[in-house]
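Each remark here refers to the structure printed beneath this line.
Each chain gets a letter, A, B and so on, in the order the sequences are listed, and its residues count up from 1.
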2 protein chains.
Amino acid sequence: MNLKQLSELLGLSQTTVSRALNGYPEVNEATRERVLQAVKETGYRPNKAAQRLATGKAGSIGLVMPTAPGHYSDVHFGEFLTGLGEEAVRHDFHFVIMPADPDDEIGALRRLAISGNVDALFVAYMRGHDPRLPLLQSLSMPYLVHGRSYGSEPDYPYLDIDNEGAFYDASKLLLQLGHTRFALMNGPEHLDFAIRRKRGVVAALAERGLDLPDTCVSHSSMTDEQGQFAMEHFLQQPEPPTAILCSSTVLALGAIRAVNQAGLKLGEDISLIAHDDVLPHLKPENFSVPLTTTRSSLRAAGVRIAQRLIGTVKQDGAYPEQELWKTELIVRASTGAAPRLDQNFGGV
Amino acid sequence: MNLKQLSELLGLSQTTVSRALNGYPEVNEATRERVLQAVKETGYRPNKAAQRLATGKAGSIGLVMPTAPGHYSDVHFGEFLTGLGEEAVRHDFHFVIMPADPDDEIGALRRLAISGNVDALFVAYMRGHDPRLPLLQSLSMPYLVHGRSYGSEPDYPYLDIDNEGAFYDASKLLLQLGHTRFALMNGPEHLDFAIRRKRGVVAALAERGLDLPDTCVSHSSMTDEQGQFAMEHFLQQPEPPTAILCSSTVLALGAIRAVNQAGLKLGEDISLIAHDDVLPHLKPENFSVPLTTTRSSLRAAGVRIAQRLIGTVKQDGAYPEQELWKTELIVRASTGAAPRLDQNFGGV
DNA sequence: GTGAGTTGTCAAAGCGCTTTGGAATTTGCA
DNA sequence: TGCAAATTCCAAAGCGCTTTGACAACTCAC
């Protein structure tokens with residue numbers, strides 16, 4: 001069933017039917033009713049490709065998903081996408097996901113942009129001086145960045161959380177509890193959020209004249225395995241840290257295993273604060289020692305990003321170009337007063 | 001830059017340029033070279049919507065993603081999608097993801113199918129007597145089902161793992177170890193895999209004249225929280241089970257927490273086997289007591305599904321209609337001989 | 001040097017939709 | 001009743017691409 005057939009069925013012109021469907025004013029209400037009724041009965045749906053070709057609008061948001069054999073998928077991806085979708089479904093928007101070799105993200109982004117398949121682009125996992133930014137800016141297509149790119153002029157539309165502030169505040173809390181030996185379990189070194197989180201910790205420590213030795217910083221992907229590995233490494237040091245900042249609850253999972261295996265008590269011998277993206281399958285409050293966290297819902301960010309992007313495409317909203325969300329610091333049992341310094345609590 | 005402009009630039013007709021680009025034989029090699037060169041220089045890319053309109057092919061696979069406020073995202077989704085993408089990127093295919101209200105998955109699927117935006121459909125999270133099956137069969141579009149639909153005639157193309165066999169084998173192992181009191185932590189009750197896994201356990205127990213009481217079966221979404229909750233529930237029973245079958249490593253995470261908090265030892269007081277979808281962020285071998293698992297890579301399934309679907313669209317492959325993958329049973333430390341029955345190991 | 005067979009190219013017809021410009025019909029008011 | 005304005009509808013022109021059917025131009029015998 002296409003427009004032509006439908007209009008013949010109704011004894012109307014294609015124009016009239018099209019207008020009736022798209023809410024143009026110059027069509028009789030009774031006629032419109034008849035058309036709508038026929039649509040219901042026949043199950044007619046306009047061909048999107050044709051609509052796209054004629055209007056230049058596709059009703060879709062494009063994003064690039066890096067993938068390759070051996071390339072780790074990201075636990076957070078599904079949750080974020082669910083948030084995007086939650087909003088998109090209200091506007092009958094969909095997503096076009098272009099898988100891409102991690103080495104060719106730029107190329108994939110460009111191809112996606114000029115394919116004519118999408119109205120807007122979304123990018124995430126920003127890096128310092130991210131090369132995708134100039135590309136996006138040169139394209140004449142709406143886009144929105146999740147996160148920021150450290151070192152680039154912040155004149156692009158983004159939504160980010162205050163990573164630096166979050167980790168600054170978390171560090172402050174631990175300092176107040178008397179901790180002096182800190183460690184940071186961070187995400188991949190080149191990623192923007194990792195850079196900023198580290199800055200937050202360093203800034204807080206600096207205020208007390210403390211520093212964060214390189215041996216007390218780990219960078220890795222967000223898996224429980226890496227968390228365990230990093231924590232074991234920290235604990236093997238001659239003077240192990242007592243305060244741990246952790247970029248993800250998934251990392252924390254492994255870290256806590258290492259703490260337990262070393263015979264240490266979380267919240268007593270070791271304090272830990274993790275960043276919580278509010279993943280539904282891993283709640284920090286349910287950890288055997290409930291986790292103190294800096295919290296910001298990834299899903300909520302997804303909703304908001306879809307909102308802004310769709311709004312821009314539909315031209316119906318003046319959204320702020322830049323948004324920086326504060327995180328919440330939720331204190332639970334994994335943080336406690338620093339153990340007395342002279343106390344020996346033997347590593348591994 | 002479009003075809004017309006490009007052909008004018010080259011002093012050729014659109015036909016010739018189009019043919020040169022699409023590898024038709026009736027074009028001079030030198031001309032083809034010239035065209036390819038021009039494409040490189042101008043960065044010309046064909047408009048996908050126009051291509052789609054003209055050919056009826058979109059180079060994309062469609063899938064519906066249920067989402068709503070409060071609707072849990074699935075940890076496994078990202079990993080699976082990564083697998084799909086891994087194959088898709090090799091064929092320059094992309095995905096169209098249509099978010100849908102969980103109550104309107106059928107409607108969304110239909111709209112996606114007739115939108116003209118996709119060449120093939122993929123569905124997952126199959127339920128018993130799944131109503132999407134008749135819809136798919138009535139559509140004239142290639143599709144592939146991940147999983148099966150219990151109770152429906154298995155005459156549709158699917159890829160599934162042998163859930164029943166996996167849980168049968170796992171139960172057998174536990175029986176051999178002397179266990180007699182079993183419990184099953186399963187996924188949502190209406191899902192096909194949950195139905196089959198339960199059948200596997202029940203069948204194995206039946207051979208020994210044992211049964212699986214309703215009080216020893218839990219159905220829930222795959223979160224650590226639900227896992228902990230279910231296990232606590234099991235342990236409160238007068239004669240708690242000593243052998244646990246678990247549908248996901250994520251559930252196992254919570255379950256193990258409950259075991260520890262009850263002061264029990266995994267692999268001694270309680271044996272546990274979980275199904276492992278091979279999630280990169282949660283490895284069963286790294287659990288403090290490494291987990292015995294039934295293993296089947298979700299990602300590999302994604303790769304294979306994309307392969308079959310793309311093959312069907314390109315009409316270049318005769319793939320088997322139905323595939324049933326065996327799982328591996330990997331024995332680690334979370335399973336051990338049943339504790340002596342007279343031994344008291346006090347609940348909670 | 002003519003006819004058949006190849007090769008390389010082109011003009012034009014769609015694909016299904018939106019939108020423009022104008023025509024036909026109805027309405028309002030003098 | 002007459003005429004302008006408002007309403008309702010239509011034919012046709014794209015949107016950018018693929019593909020069909022034809023046509024030159026060129027080869028190669030005979």
Using a 4.0 Å heavy-atom cut-off, does B:Glu26 contact any base of the nucleic acid, only the sugar-phosphate backbone, or nothing at all? base
N or O in side chain of B:Ser13 less than 4.0 angstrom from C:dA11 OP1/OP2: no
Determine the contact category for A:Thr55: base if any of its heavy atoms lies under 4.0 Å from a base atom, sugar-phosphate if only primed atoms, P, OP1 or OP2 are that close, otherwise nothing. sugar-phosphate
Test: salt bridge (charged side-chain N to carboxylate O under 4.0 Å, His left out). Region: residues 139-148 of chain B. Which pairs qualify, not counting sequence neighbours? B:Arg148-B:Asp160
Salt bridge present between A:Asp119 and A:Arg52 (N-O < 4.0 angstrom): yes
Check: A:Leu136 main-chain N/O paired with A:Tyr156 side-chain donor or acceptor under 3.5 Å: no
Positional range of nucleotides in DNA chain D within the contact set of chain A, heavy-atom, under 4.0 Å: D:dT8 to D:dG16
Between P of C:dA11 and CG of B:Leu3, the distance in whole Å: 14 Å
Want to settle it: does B:Leu53 or B:Gly11 sit nearer the 5' end of DNA chain C, counting the closest nucleotide to each? B:Gly11
Rounded to the nearest 0.5 Å, how far apart are CG of A:Leu12 and CZ of A:Arg19? 12.5 Å
Other residues, nucleotides and ligands only: do more than 12 of their heavy atoms fall within 6.0 Å of CZ on B:Arg110? no
Atom CG of A:Asn28 and atom C1' of C:dT25: how far apart are they, to the nearest Å? 12 Å
What residue among A:Tyr158, A:Phe80, A:Phe95 forms ring-ring contact (aromatic ring centres under 6.0 Å, His included) with A:Phe122? A:Phe80
